[in-house]
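A quick write-up on the structure given underneath.
All values below were derived from every heavy atom in this structure, side-chain atoms included, with hydrogens, water molecules and symmetry-related copies excluded.
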Amino acid sequence: MGWIGETVDSIKSIQIRQLFTQAISLGMIVTSALIIWKALMCVTGSESPVVVVLSGSMEPGFKRGDILFLHMSKDPIRAGEIVVFNVDGRDIPIVHRVIKVHERENTGEVDVLTKGDNNYGDDRLLYAEGQLWLNRHHIMGRAVGFLPYVGWVTIIMTEKPIIKYILIGALGLLVITSKD
């Protein structure tokens, strides 16, 4: 019957103890990933230390599918920096370049205007209705490094959910059928 038959026979022969052990192993893997993510959040000062560029608005500097590493420090935000920001009412963060910064001398707060390198105009159309500037609380982090094209895995799984389900199913079968 081949690979499928062997997989079904393997699943049928699983003992409760082995299933319990594999479930604990899977739980430890997931927990470890969450701990690493939280540690990265603490080290980088960013609520999202890693993001994927989802559009071509930053080309040629960053292409769709590039992974950006973020850091958020107390240093002043300057024109020319690449920042990732959230806008009220939008779920997906945006990666763009700071083109103007207005500092308030009395409070030290800043107003920031951004623009995608590949876009014609600034981002005011992307901001919340009536909002002309971003404030520091909108900014999630500054780009400090990137890996080209590695984020395509995320994009493919988001745009084609069937691939995500096939991958999760295959990994689940691999965990269930693995022998110690």
Side-chain angles (χ1 to χ4, degrees), residues 26 29-103 109-172:
L26 181 61
I29 290 168
V30 170
T31 303
S32 297
L34 289 173
I35 289 171
I36 290 169
W37 184 258
K38 290 292 186 181
L40 280 173
M41 286 174 64
C42 291
V43 168
T44 63
S46 175
E47 63 187 74
S48 183
V50 178
V51 295
V52 176
V53 178
L54 298 175
S55 74
S57 67
M58 285 302 293
E59 289 183 0
F62 297 114
K63 294 181 176 32
R64 191 166 189 243
D66 289 353
I67 289 183
L68 297 181
F69 300 101
L70 306 181
H71 186 269
M72 192 62 194
S73 65
K74 300 289 184 196
D75 295 338
I77 297 167
R78 298 288 175 220
E81 290 185 306
I82 307 292
V83 296
V84 176
F85 61 92
N86 269 331
V87 176
D88 300 332
R90 290 184 183 247
D91 294 332
I92 299 174
I94 299 169
V95 178
H96 281 175
R97 186 178 306 277
V98 174
I99 58 171
K100 287 185 184 175
V101 177
H102 290 275
E103 293 184 58
E109 292 186 32
V110 294
D111 293 326
V112 175
L113 181 63
T114 57
K115 176 187 173 296
D117 289 352
N118 200 23
N119 294 350
Y120 291 110
D122 62 42
D123 290 342
R124 287 189 170 136
L125 293 175
L126 298 175
Y127 300 163
E129 189 172 333
Q131 182 179 2
L132 298 177
W133 301 91
L134 294 175
N135 303 112
R136 192 169 189 90
H137 72 275
H138 292 111
I139 297 174
M140 298 169 55
R142 304 168 187 186
V144 293
F146 78 104
L147 281 174
Y149 306 113
V150 178
W152 269 103
V153 174
T154 302
I155 292 173
I156 290 169
M157 286 195 293
T158 301
E159 292 179 353
K160 306 226 184 286
I162 188 70
I163 293 174
K164 176 173 43 177
Y165 298 129
I166 290 170
L167 182 62
I168 290 171
L171 289 173

* Atom NE2 of His71 and atom CG of Leu40: how far apart are they, to the nearest 0.5 Å? -> 11.0 Å

* Asp66 versus Met58: any side-chain heavy-atom pair under 4.5 Å? -> no

* **Contact check, side chains of Arg78 and Val98, non-hydrogen atoms, under 4.5 Å** => no

Result block: side-chain N/O donor-acceptor pairs under 3.5 angstrom for residues 152-164, not counting sequence neighbours:
unit_1	atom_1	unit_2	atom_2	d
Trp152	NE1	Arg64	O	3.0
Thr158	OG1	Thr154	O	2.8
Glu159	OE2	Arg64	NH2	2.2

* To do: Any chance you could measure Arg142, atom CZ, to Thr44, atom OG1, to the nearest 0.5 Å?
  => 12.5 Å

* From Asp111 atom CG to Leu134 atom CG, the distance as rounded to the nearest 0.5 Å -> 9.0 Å

* Taking atom CG of Leu26 and atom OG1 of Thr31, what is their separation to the nearest 0.5 Å? -> 9.0 Å

* **Nearest non-hydrogen partners of Gly121 and Lys115, listed with the distance** => O-CG, 3.3 Å

* Structure fact -> Rounding to 0.5 Å, atoms CG (Leu126) and CD (Gln131) come to a distance of 10.5 Å

* To do: Answer yes or no: is there a side-chain heavy-atom contact under 4.5 Å between Leu147 and Phe69?
  => yes

* **Partner of Thr114 by side-chain hydrogen bond (donor to acceptor under 3.5 Å, both in side chains), out of Asp123, Asp122, Asn119** => Asp123

* Asked: Just wondering, are more than 12 heavy atoms of other shown residues or ligands nearer than 6.0 Å to CG in Leu132?
  -> yes

* Asked: Of the non-hydrogen atoms in Gly56 and Asn118, which two are nearest, and what is the gap between them?
  -> O-ND2, 3.2 Å

* Over all atoms of both residues, closest heavy-atom pair of Met140 and Pro93 -> SD-CB, 3.5 Å

* To do: Return the set of residues passing salt bridge (Lys or Arg N to Asp or Glu O under 4.0 Å) with Glu59 (not counting sequence neighbours), or none when no residue passes.
  => none

* Asked: Mind checking whether Trp37 and Ser48 have side chains closer than 4.5 Å, heavy atoms only?
  -> yes

* Asked: If every non-hydrogen atom of Met72 is compared with every non-hydrogen atom of Gly141, which pair is closest and at what distance?
  -> SD-CA, 3.6 Å

* Structure fact -> dist Phe146:CZ -> Ile82:CD1 (nearest 0.5 Å) comes out at 10.5 Å

* Structure fact -> Closest non-hydrogen contact found for Asp91 with Asn86 is O-OD1, 4.3 Å

* Contact summary for Val112 and Tyr127, nearest pair of heavy atoms -> O-OH, 3.9 Å

* To do: Compare all side-chain heavy atoms of Asp88 with those of His138 and state whether any distance is below 4.5 angstrom.
  => yes

